[in-house]
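From a predicted model like this one, the values you see are computed outputs, not experimental measurements.
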Amino acid sequence: ERYAEELPERFDVLLLEPGADGHLGALYPGSPAFDDARDVVALDLEHHKPRRRVMLAPRVIEAAREIVVAASGPSLAEV
């Protein structure tokens, strides 16, 4: 809740790096964060490390004026 209070009304730019499986912003397919009404969501992700994550909700990411996805290195070439 404290983190959410510090967020701007809308981000000008978000820089995201995909995970090796293509997820962005610690948002995995089927994540409960997609159904959460809060701007910041804390979740326990059983099969991922670190397990406990605090992330921006998808609607906050979508509202950014610009989203830059930077993928570098051989492990992300296919993604």
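There is a path of hydrophobic side-chain contacts, each under 4.5 Å, that joins Leu43 to Val54. Side-chain heavy atoms closer than 4.5 Å link hydrophobic residues (I, L, V, M, F, W, Y) into clusters, and following such links, possibly through other members, connects Val60 to Val69.
For the pair Arg53 (side chain) and Gly25 (backbone), a donor-acceptor distance under 3.5 Å is absent.
Atoms CZ and CG, from Arg38 and Asp36 in turn, are 4.0 Å apart once rounded to the nearest 0.5 Å. Taken from CG in Asp39 to CD in Glu6, the straight-line distance is 13.0 Å, to the nearest 0.5 Å.
Annotation: Tyr3, atom OH; neighbour count of heavy atoms from other residues, nucleotides and ligands within 6.0 Å does not exceed 12.
Partners of Asp12 under the side-chain hydrogen bond (donor to acceptor under 3.5 Å, both in side chains) rule, at least two apart in sequence or in another chain, are Arg65.
Annotation for Val41 and Ala57: closest pair CG2-CB, 4.3 Å, computed over non-hydrogen atoms. The two atoms that bring Pro18 and Val79 nearest to each other are CB-CG1, 3.8 Å, heavy atoms only. The heavy-atom pair separating Met55 from Ala26 by the smallest distance is SD-O, 3.5 Å.
Looking at heavy atoms from C-beta onward, Glu1 lies out of side-chain contact with Val40 at the 4.5 angstrom threshold. The shortest side-chain heavy-atom distance between Leu56 and Leu7 falls under the 4.5 Å cut-off.
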(message) Would Leu27 and Ile61 count as a side chain to side chain contact (heavy atoms under 4.5 Å, CB included) here? Give the steps.
(response) CA-CA 11 Å; Leu27 297 168; Ile61 295 171; 3.7 Å; yes
